[in-house]
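Beneath this line is the structure, given in C-alpha cells, with notes to follow.
Chain A is the first sequence line, chain B the second, and so forth, proteins listed ahead of strands; every chain is numbered from 1. Given the structure is predicted, the values throughout are model-derived calculations rather than measurements.
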Number of protein chains: 4
Amino acid sequence: MFFASDNAGPALPQVMQALVDCNAGHVMPYGADAHTAEAVRLVREAFEAPEASVHLVATGTAANALALATLSQPWETIFCTPVAHIHEDECNAPEFYTGGAKLTLVGAGHKMTPDALRKAIEAEGTRGVHGPQRGPVSITQVTEKGGVYAVPEIAALAEVTKAYGLPLHLDGARFANALVTTNASPAEMTWRAGVDVVSFGGTKNGCPGIEAVVFFDPAHGQEFELRRKRGGHLFSKHRYLGAQMEAYLKDGLWLDAARKANRAAGRLAEGLRKVGSEFLAEPEANVIFAHLTRAQHQALHADGAVYYLMDGPLETGPADEKLLCRFVCDWSISDEQIDTFLALL
Amino acid sequence: MFFASDNAGPALPQVMQALVDCNAGHVMPYGADAHTAEAVRLVREAFEAPEASVHLVATGTAANALALATLSQPWETIFCTPVAHIHEDECNAPEFYTGGAKLTLVGAGHKMTPDALRKAIEAEGTRGVHGPQRGPVSITQVTEKGGVYAVPEIAALAEVTKAYGLPLHLDGARFANALVTTNASPAEMTWRAGVDVVSFGGTKNGCPGIEAVVFFDPAHGQEFELRRKRGGHLFSKHRYLGAQMEAYLKDGLWLDAARKANRAAGRLAEGLRKVGSEFLAEPEANVIFAHLTRAQHQALHADGAVYYLMDGPLETGPADEKLLCRFVCDWSISDEQIDTFLALL
Amino acid sequence: MFFASDNAGPALPQVMQALVDCNAGHVMPYGADAHTAEAVRLVREAFEAPEASVHLVATGTAANALALATLSQPWETIFCTPVAHIHEDECNAPEFYTGGAKLTLVGAGHKMTPDALRKAIEAEGTRGVHGPQRGPVSITQVTEKGGVYAVPEIAALAEVTKAYGLPLHLDGARFANALVTTNASPAEMTWRAGVDVVSFGGTKNGCPGIEAVVFFDPAHGQEFELRRKRGGHLFSKHRYLGAQMEAYLKDGLWLDAARKANRAAGRLAEGLRKVGSEFLAEPEANVIFAHLTRAQHQALHADGAVYYLMDGPLETGPADEKLLCRFVCDWSISDEQIDTFLALL
Amino acid sequence: MFFASDNAGPALPQVMQALVDCNAGHVMPYGADAHTAEAVRLVREAFEAPEASVHLVATGTAANALALATLSQPWETIFCTPVAHIHEDECNAPEFYTGGAKLTLVGAGHKMTPDALRKAIEAEGTRGVHGPQRGPVSITQVTEKGGVYAVPEIAALAEVTKAYGLPLHLDGARFANALVTTNASPAEMTWRAGVDVVSFGGTKNGCPGIEAVVFFDPAHGQEFELRRKRGGHLFSKHRYLGAQMEAYLKDGLWLDAARKANRAAGRLAEGLRKVGSEFLAEPEANVIFAHLTRAQHQALHADGAVYYLMDGPLETGPADEKLLCRFVCDWSISDEQIDTFLALL
C-alpha cells in the first residue's frame with residue numbers, strides 16, 4: 001500500500017537486466033558507447049525526430065534546469081505555473097543553472113491556459129532594461145496535480161509562445177503516463193504541437209535514474225553538452241545511462257509500464273469515488289489528489305498505508321474533517337494492494 | 001588491451017548484483033532507504049569517523065565541485081596543482097558551483113609540496129578586498145600523473161593549511177588505489193593527517209557511478225544537502241546509489257579491486273621498463289605515464305590497443321621520436337591482456 | 001512640469017558645492033579619506049547607531065542587491081511585494097548577486113501586511129531540501145505606489161520576521177520622504193522597529209548618485225565589502241561618494257529637501273483632487289498614482305507635461321476613459337510649475 | 001609627494017565645472033539626456049568609430065567585468081597576464097560577472113607576447129567538453145607594471161586572437177597615457193589593430209569616476225545594457241556620467257592631462273636614475289617600478305612621501321638592501337613636488 005510517489009517503486013526487471021547485460025568488457029566513456037548510441041536512436045525514433053539532439057542525465061531536476069538554462073539568459077524570466085516542479089521542488093536549481101533568471105508564475109492552477117500565459121507575457125518585458133526580459137515557457141505533463149494537457153491545449157500554448165518568439169519547454173517527468181491518457185504519439189505531443197525541448201522522464205516510470213533532454217532544434221546540443229559537463233552531470237561510465245534508456249524504450253516497455261500505472265490509479269480512483277472521496281481534480285493519469293476524512297486517514301496510516309497528506313494535522317481535529325492527500329501509482333502496484341487499501345476504507 | 005581509463009571497464013559483479021538485489025518493493029526516496037543508511041554506516045566505519053557527514057553523488061565532478069563550494073566563498077581562491085582534475089577536466093564546474101571562486105595553481109608538478117603551497121598562500125590574500133581571499137586547498141590522491149602522497153606528505157600539507165586556517169580537500173577519485181600503495185588506513189590518509197573533506201571515489205574502481213563526499217566536521221552537512229539538491233544531484237531513487245556504495249565497501253571488495261588494478265599496472269610497468277620505456281614519474285598505483293617511440297605507438301594502435309597519447313601526431317614524424325602516453329589499469333584487466341599488449345612491443 | 005521621477009531633477013546645490021570643495025589635493029583611495037569617514041559618522045549619528053556598518057555605493061540597485069546578497073543564501077527565497085523595485089525594476093539584480101535566490105511575492109498590494117507575510121513564510125520552507133529555504137524579508141519605504149509604512153506597521157512586520165529568524169531589509173530609496181511623512185526618527189523607523197539593514201537613499205532626494213547600506217549588526221560589514229568590490233561597486237576616488245553623503249546629511253539638508261518634495265506633491269494632489277481625479281492610494285509622500293481622463297492626458301502631453309502613463313494608449317480611445325498615471329515630485333519642483341500644470345486641467 | 005596612485009589626485013577642474021554646469025533643470029534619466037548623447041558622440045569621434053556601441057560606467061572593474069562577460073560564456077577561459085588587474089585586483093569580479101569563467105595566465109610578465117598567447121591558447125580547448133573552452137583575450141594598456149604596447153605589438157596579438165576566432169579586450173584604465181607615449185590615435189591603438197572592445201578609462205586620468213566601454217561591433221550593445229542594469233551599474237541620474245566624459249574629451253583635455261602625468265613621471269624617473277635607482281622595467285608612461293635602498297625608503301617615508309612599497313619590511317633589515325616600490329604620477333603632480341621628493345634622495 002505504497003502510494004507516496006512513483007519514485008518509490010522498484011525498477012522494471014527488463015531495465016535491471018539491461019544494466020547487468022551491458023556490464024561486459026571495456027567501452028569508451030562519456031557517451032561514446034553503443035548503448036548510448038542505441039538509446040539516442042530509440043529516442044529519436046520514438047519522437048519521429050531523426051535530427052533531434054538527445055542528451056541523457058540521471059535526474060529530472062538536472063534535465064529541467066539544464067534544458068531551461070540552455071534556452072535562457074540570466075536576465076530573463078521563465079514562465080511556469082505556481083505549482084510547477086521547477087518552482088516548488090528544485091531548491092532554486094533553475095535559478096542556479098541559468099545564472100539568476102527569474103520564474104514568473106502564470107495563473108493560479110496546475111494547468112496553464114493560453115489566456116493566462118498571454119497576460120503574464122504581456123505584463124513582463126515592458127520596462128526596457130529595468131525589468132526581466134521574457135524567456136522560455138515551461139509546462140509540466142502530467143501536471144503536478146495529476147492533470148493532463150490534451151494535444152490541442154499544448155498547441156494553443158505553443159501558439160502564444162511562438163507569437164512572442166519564446167521557446168516552449170515540457171517537463172515530461174510523467175510523459176509516458178500522459179501519452180497513455182491522451183493516446184497521442186510523442187511527436188504529436190511535442191514538436192508537432194510546438195514544443196521545443198522535452199525533459200523526457202524515465203525514472204518515475206520504472207528506471208533507476210534516467211531522463212533524456214530532447215532538443216528538436218539540434219543547434220542547442222553543443223551548449224547543452226558544455227552545461228551538462230560543467231554541472232557535473234556527464235557520467236563517465238555512460239553505458240549505464242544508455243542501457244537504461246535503451247531497455248526502457250525497447251518493445252514499448254515504457255508504454256506498458258505507464259499503462260499499468262494509469263490503470264492502477266484508475267482502479268484506486270474508482271474505489272475512492274465509491275466511498276465518497278472528492279478529487280481536487282478529476283484524475284487523468286497516475287496521480288490522484290483526493291479528500292478523505294481525518295478518521296479515514298488515521299485508519300489508513302494505522303494499517304501502514306504510505307502516501308502524502310497535504311493538510312494536517314493527522315492526529316488531532318474533527319474526525320470527519322476532510323483532509324487532502326496525494327496518491328501516486330507506479331507500474332508495480334498490484335490490484336491486490338489497491339483492493340486491500342480500499343478495503344480499509 | 002584497453003588502457004584508456006579506469007572508467008572504461010565493467011563494474012564489479014558484486015556491485016551489479018547488489019543493484020539487482022535492492023530492486024524489490026517500495027522504499028522511501030531521496031536517501032531515506034535502508035541501503036543508503038547502510039552505505040553511510042559503512043563509509044563512517046571505513047573512515048573510523050562515526051560523526052562524519054556522508055553524502056552520495058553519482059559523479060566525481062559533482063563530488064568535488066559541491067564539496068569545494070561548501071567550503072568556499074565566491075570571492076576566494078582555491079589552491080590546487082596545475083594538473084588538478086578540478087582545474088583541467090571539469091569544464092569550470094568548481095567556478096560554477098562556488099559562484100565564481102578562482103583557482104590558484106600551486107607549483108609546477110602533480111604533487112603539491114608544502115613550500116610551494118606556503119608560497120602560493122602567501123602571495124594571495126595580501127591585497128585587502130582587491131584580490132581574491134584565501135580559500136580551500138585541494139589535492140588529488142592518486143595524482144593525475146599517477147603519483148601517490150605518502151601519509152606524512154599529506155600531513156605536512158595539512159600543517160600549512162591549518163596554519164592559515166584553510167580547509168583541506170582531498171579528491172580521492174582513486175582513493176582505494178592510494179590506500180593499497182601506501183598501506184595506510186582511510187583514517188590515517190584523511191582526518192588523522194588533517195584532511196577536512198574527501199571526495200571518496202567508487203566509480204573508477206568498479207562501480208557504475210558512485211562517489212561519497214565525507215565531511216569529518218558534520219556541521220557542513222546541511223549546506224551540502226541544499227547544494228546537492230540545487231545542483232540536481234539528489235537522486236529520487238536513491239537506493240541505487242546506496243546499494244552501490246554498500247556493496248563496494250562490503251567485505252573489502254573495494255580494496256580487492258584496487259589491489260587488482262595496481263597489480264596489473266605493476267605488471268604493465270615492469271614490461272614497459274623491460275622494453276626501455278621511460279616513465280614521466282615512477283608509477284605508484286594504477287596510472288602510468290610512459291614514453292614509447294612513434295613506431296611503437298603505431299604498432300600498438302594498429303593492433304587495437306586503446307590508450308591516450310599525450311603527444312602527437314601519431315601518424316607522421318620520426319619513427320624513433322618518443323611520445324608520451326597514459327596507461328590506466330582497472331580491476332578487470334587480465335594478465336593475459338597485459339602480456340598480449342607487451343608482446344606487441 | 002516634470003513629474004516623471006525624482007531621479008530627473010537637479011542635485012542640491014550644497015551637494016554639488018561639496019563635490020567641488022572636496023576636489024583638492026591627494027587623498028587615499030577606496031574610502032580611506034576624510035570625507036568618507038565623516039559621511040559614515042554622520043550616517044551613524046542620524047541613525048543613532050554608533051556601531052553600524054556603513055557602506056557607500058552609487059546606485060539603489062547596487063545597494064539593494066548587495067545588501068540582500070549579504071543576508072541570503074542562493075538556495076533561499078526573499079519575501080517582497082509584487083510591485084517591489086527589487087522584483088520589477090532591477091533586471092534580476094537580486095537573483096544575480098545572491099547567486100540564484102528566488103523572490104517570493106507576498107500579498108497583492110504595495111504594502112506588506114503581517115498576515116500576508118506570515119502566510120507566505122509558512123508556505124515556504126516546508127519541503128525540506130526540495131523547496132527554497134526561507135530568506136530575508138524586504139519592504140520598500142516609501143512604497144513603489146507612494147504609500148508609507150507607519151512605524152508600528154514596520155514593527156509588526158519585524159515581529160513576524162523575528163519569529164522565523166529572518167532578517168528584515170528596508171529599501172529606503174525615498175527614506176527621507178517617509179521620515180517627513182511619519183515624523184519618526186531614522187532609528188525609530190529602522191532598528192528600533194526591528195529592521196536589520198537599510199538601503200538609505202540619497203540619489204532620489206537630491207544627490208547625483210549616493211546610497212548608504214547600513215547594517216545595524218556590524219558583523220556583516222566585511223562580507224559586504226568583499227561583495228561590493230567583486231561587484232565593481234567600490235569607487236577608487238571614493239571622496240566623491242563621501243562628499244555627497246556628507247553634504248546631504250549636514251544641517252538637515254536631506255530632510256529639508258524631502259519636505260520640499262512632499263509639500264510639492266501635497267499641492268499637486270490637492271489640485272488633482274479638485275478636478276475630480278481619483279487616487280490609486282491616498283498620496284502620503286512625494287509619489288502620486290492618479291486617474292485622469294484620456295482627454296486630460298492628451299492635453300497635458302500636448303502642453304509638455306512629462307510623467308509616466310501606466311495605462312494606454314494615449315492617442316486612441318474614449319476621451320473620458322480614466323487612465324492611471326504616476327506623478328513624482330522632487331525637491332526642485334516649484335509651486336509655479338505645479339500651478340501651471342494644474343491650470344492645464 | 002603623493003605617488004601612491006593616479007586615483008588619489010583631484011579631478012580636473014574642467015570636469016568638475018561640467019558637473020556643476022549640467023546640474024540644471026529636469027532631464028530624462030538612465031542615459032536619455034543630452035550630456036550622455038554628447039559623450040557618446042565624442043567617444044565615437046575620438047575612436048573614429050561612428051557605429052561603436054558606447055556605454056558609461058563609474059568604475060574600471062565594472063567596465064572590465066561587464067565587457068568580458070558580454071564576450072564570454074561561463075564555460076570559457078579568459079587569457080590574460082599573471083599581473084592583469086582583472087586577475088589580481090578585482091576580487092574575482094570577472095568570474096562573478098561571467099558566471100564562473102576561468103582566467104588562464106599567459107606568460108610570466110606584464111606584457112603578453114604573441115608566442116606566449118599562442119602557446120596558452122593551444123594548451124586550452126583540447127579536451128573536448130572536459131576542459132574550459134577558449135574565450136576572450138584581455139591585455140592592459142598601460143600595463144600594470146608601467147609598460148606600453150606599441151601598436152604593432154597589439155596588432156601581432158590580435159593576429160593570434162583572430163586566428164582562433166577569439167575576441168580581444170583592452171583594459172585601457174590608462175589608455176590616454178599610452179596614447180601619449182605611442183603617439184598613436186585611439187583608432188590605431190584599438191580597432192585598426194584588431195581590438196574588439198575597450199575599457200576606456202577616465203577615472204585615473206582626472207575624472208571623479210567614469211569609464212566608457214566601447215564595442216566596435218555594436219551587436220553587443222543590447223546585451224551589455226542588460227548586464228549593466230543587472231549589475232546595478234546603470235545610473236539613474238546619468239547626466240553626471242555623461243558630463244564627466246563630455247568634459248574629459250572636449251578640446252583634448254584628456255590628452256593634456258595624460259601628457260602632464262607622463263611628463264611628471266619622466267622627470268621623476270630621470271631623478272631616480274641619477275641617484276642610481278634601477279627600474280623593474282623601463283618607465284614608459286606614468287607608472288614607475290623602481291628599486292631604492294631601505295635607508296632611502298625610510299627617509300622618504302619619514303618625510304611624508306606616499307607610495308606603495310612592494311617588498312618589505314620597511315622598518316627592519318639591511319639599510320642598503322634594495323626594495324621595490326611603485327610610483328604613479330597623476331596629472332596634478334607639480335614639478336615642485338617631484339623636485340622636493342628627489343631632493344630627499
Side-chain angles (χ1 to χ4, degrees), chain C residues 1-5 7-13 15-17 19-20 22-30 33 57-66 90-93 95-97 99 203-204 207-209 226-241 306 330 332-333, chain D residues 1-5 7-13 15-17 19-20 22-30 33 57-66 90-93 95-97 99 203-204 207-209 226-241 306 330 332-333:
Chain C
M1 299 190 300
F2 202 107
F3 304 103
S5 178
N7 60 29
L12 295 154
V15 173
M16 295 310 292
Q17 190 58 48
L19 285 177
V20 171
C22 81
N23 193 46
H26 290 79
V27 301
M28 290 304 285
Y30 300 115
D33 65 279
V57 293
T59 73
T61 296
N64 287 338
L66 286 165
E90 301 188 352
C91 196
N92 300 357
E95 288 87 346
F96 174 45
Y97 275 91
T203 310
K204 286 186 195 297
C207 296
L226 290 159
R227 288 187 178 276
R228 181 172 65 155
K229 173 65 192 178
R230 184 171 86 111
H233 288 289
L234 174 59
F235 276 52
S236 57
K237 298 192 171 174
H238 205 277
R239 65 169 109 175
Y240 305 104
L241 296 186
V306 183
D330 75 302
S332 77
I333 296 278
Chain D
M1 299 190 302
F2 202 106
F3 304 103
S5 178
N7 61 29
L12 294 155
V15 173
M16 295 311 290
Q17 190 58 47
L19 284 177
V20 171
C22 82
N23 193 45
H26 290 80
V27 301
M28 290 304 286
Y30 300 116
D33 66 279
V57 294
T59 74
T61 295
N64 287 337
L66 286 166
E90 301 188 351
C91 195
N92 299 359
E95 288 88 346
F96 174 45
Y97 274 91
T203 309
K204 287 187 195 296
C207 296
L226 290 159
R227 289 188 178 275
R228 181 172 66 154
K229 172 66 192 178
R230 184 170 86 109
H233 288 289
L234 174 59
F235 275 53
S236 58
K237 297 191 171 175
H238 205 277
R239 65 169 111 175
Y240 305 104
L241 296 187
V306 183
D330 74 303
S332 77
I333 295 280

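Neither the backbone nor the side chain of V57(C) comes within less than 4.5 Å of any heavy atom of chain D. Residue C22(C) does not touch chain D at all, counting heavy-atom pairs closer than 4.5 Å. Contact annotation for L66(C): neither backbone nor side-chain heavy atoms come within less than 4.5 Å of a heavy atom of chain D. Contacts between F2(C) and chain D at a heavy-atom distance below 4.5 Å involve backbone atoms as well as side-chain atoms. With a 4.5 angstrom heavy-atom cutoff, N64(C) does not touch chain D via any of its atoms. For a residue to count as touching a neighbouring chain, one of its non-hydrogen atoms must lie under 4.5 Å from one of that chain's; by this rule F96(D) touches chain C with backbone and side chain alike. The parts of H233(D) that come within reach of chain C are both its backbone and its side chain, each placing non-hydrogen atoms under 4.5 angstrom from that chain. Heavy atoms of L241(D) lying under 4.5 Å from chain C are absent altogether.
Side-chain contact between S236(C) and T203(D): present, with at least one pair of heavy atoms (C-beta onward) separated by less than 4.5 Å. Under the 4.5 Å side-chain criterion, counting only non-hydrogen atoms from C-beta, R228(C) is not in contact with C91(D).
Of all heavy-atom pairs between K229(D) and E90(C), the closest is CE-CA, 3.8 Å. A pairwise comparison of heavy atoms in Y240(D) and L19(D) identifies O-CD2, 3.5 Å as the closest pair. Scanning all heavy atoms of the two residues, the minimum distance from A11(C) to M16(C) falls at CB-SD, 3.7 Å. Nearest approach of F235(D) to A58(D), heavy atoms of both residues: CZ-CB, 3.6 Å. Listed here is the closest heavy atom pair of G9(D) and H26(C): CA-CD2, 3.4 Å.
Among P29(D), G209(D), G99(D), the residue with the largest count of heavy-atom pairs under 4.5 Å with chain C is P29(D). The residue among G60(D), A63(D), S5(D), C207(D) with the most heavy atom pairs within less than 4.5 Å of chain C is C207(D). Chosen from D33(D), N23(D), T61(D), T59(D), the residue pairing most often with chain C at heavy-atom distances under 4.5 Å is N23(D). Interface check for chain D: of the options D330(C), N92(C), L226(C), V306(C), the most heavy-atom pairs under 4.5 Å are formed by D330(C). Ranked by non-hydrogen atom pairs under 4.5 Å with chain C, the options G25(D), A65(D), A24(D) are led by G25(D). Per-residue counts of heavy-atom pairs under 4.5 Å with chain D were compared for P208(C), S332(C), A62(C); the largest is that of P208(C).
R239(C) places a side-chain N or O within 3.5 Å of a backbone atom of A8(D) that can act as its donor or acceptor partner. A donor-acceptor distance shorter than 3.5 angstrom exists from the side chain of Y97(C) to the backbone of G231(D), with no hydrogens or angles considered.
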